Every structure is written in C-alpha cells, then in structure tokens.
Amino acid sequence: MEKTAHKQTINITPALQARIDELISHYPADKRKSALLPVLHEVQDAHDNWLSTDLMDVVAEILHIRPIEVYEVVTFYSMYNQKPMGKYMFEFCLTSCCGLRGADDMLEYACEKLQIAPGETTADGMFSVVGVQCLGACGYAPMMQLGDYYQEHLTKEKIDQIIEDCKAGKIILHDK
Ligand code: FES
C-alpha cells in the first residue's frame with residue numbers, strides 16, 4: 001500500500017496503550033488480531049479521526065499481525081478514514097429507506113451550506129460530509145452519523161441547527 005500523502009503525528013500515549021491492552025485482553029493470547037476493529041477505533045479517535053499508513057503499521061505491530069491485514073480492514077469499512085477529516089464528520093446514509101426519504105437532498109443541502117463537495121472537508125478543518133451505506137437506523141430515515149451518535153429524521157432546519165450546535169461546541173461526539 002502506498003504511503004499516505006498527508007503527514008500524521010503518531011502518539012501512542014500510555015493512556016491509549018492501556019486502553020489497547022484492555023481491548024486485547026478480551027481475547028485469547030494467540031488471537032490478538034480479534035481486537036483489530038475496536039483497537040482501530042481507539043487509535044483513530046486518538047489521532048484526529050484518521051489512520052495514515054504509518055499508523056496502520058503501528059497497529060499491525062501492536063497486534064502482532066502483518067500490515068496488509070490492517071490495510072484490508074481499513075480500506076473495507078467506511079468508518080475508518082485514510083485522510084484527515086473534519087472534526088465534525090457528517091455521514092449521511094444514502095441507502096434505500098433514507099434515499100426514499102430525501103437523504104440525497106439532505107447531503108446536498110449540508111454541502112451547500114458548508115460550501116464543500118461530498119467527501120471534502122471545510123478549510124477550517126471543522127466539517128466533512130460523506131455518503132455511506134445503511135447504518136441500521138432505517139426507521140429514523142433520513143439520518144446521519146455524527147461521532148458516536150445518530151442524528152435522525154433529518155430536515156434542512158435540523159441540519160442548520162446541528163451545524164450551529166457544532167460551531168458552538170454543543171455537540172458531544174464520543175460516549176467516552
Ligand atoms: S437505509 Fe438509512 S439507516 Fe438503513
């Protein structure tokens with residue numbers, strides 16, 4: 001895999017290492033790889049919401065697996081980012097139920113409002129907008145994920161409010 005174009009400062013702090021060790025301890029000693037997904041979440045959260053190739057290599061080392069085993073997971077799942085993303089990442093579900101309830105319009109509206117295209121990040125590094133596949137909250141369509149939480153039954157007015165709340169620092173992104 002090619003090296004990531006953007007530079008990333010890697011910092012596995014003692015607190016992060018302790019959390020990683022705790023996750024690994026949930027699995028048998030010879031099955032450290034089983035902790036890969038939660039470890040990637042922890043490491044990504046601690047590194048501005050993205051994973052460079054160098055950081056993925058560090059994760060491989062920690063789990064005693066080959067780097068390719070980390071790359072194939074990171075490139076498969078949309079919740080792992082391979083480039084710097086905004087602090088507030090709007091992940092609009094664009095699958096069937098949300099699609100039928102106007103998800104495309106919601107994504108387009110958010111992009112217009114933030115003056116970026118889908119997949120882009122605002123110049124101040126605050127917001128990114130992406131389209132993703134079904135997030136399992138079809139009954140609350142149209143919806144998006146923002147950090148660890150879902151924003152449901154979206155309307156243009158709700159999106160305005162969410163953006164304002166993000167700017168005011170009122171949105172909690174993670175549950176830990
Ligand atoms: S279709 Fe959007 S959450 Fe399932």
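In listed order, ligands and their atoms are each counted from 1. FYI, side chains are in, hydrogens and waters are out, and symmetry mates aren't considered; it's all heavy atoms of this structure. Since the structure is predicted, the reported quantities are computational estimates derived from the model, not experimental observations.
Contacts of Asp54 classified as salt bridge (Lys or Arg N to Asp or Glu O under 4.0 Å), with partners at least two apart in sequence or in another chain: Lys3. Remark: Glu61 pairs with no residue by the salt bridge (Lys or Arg N to Asp or Glu O under 4.0 Å) rule, at least two apart or across chains.
The side-chain hydrogen bond (donor to acceptor under 3.5 Å, both in side chains) analysis of residues 124-142, with sequence neighbours excluded, yields the pairs Thr95-Gln133, Thr121-Ser128, Thr122-Asp124.
Side chain of Gln8 to backbone of Asp48: no donor-acceptor contact under 3.5 angstrom is found.
Residues Met144 and Leu154 have side chains in contact (heavy-atom distance under 4.5 Å, counting atoms from C-beta outward).
Below the 2.8 Å limit, atom 2 (Fe) of ligand 1 has as protein N, O or S neighbours Cys93 SG, Cys98 SG.
Taking the six-membered ring where tryptophan is involved, the planes of Phe127 and Phe90 are perpendicular, since the angle between them exceeds 60° and thus also 30°.
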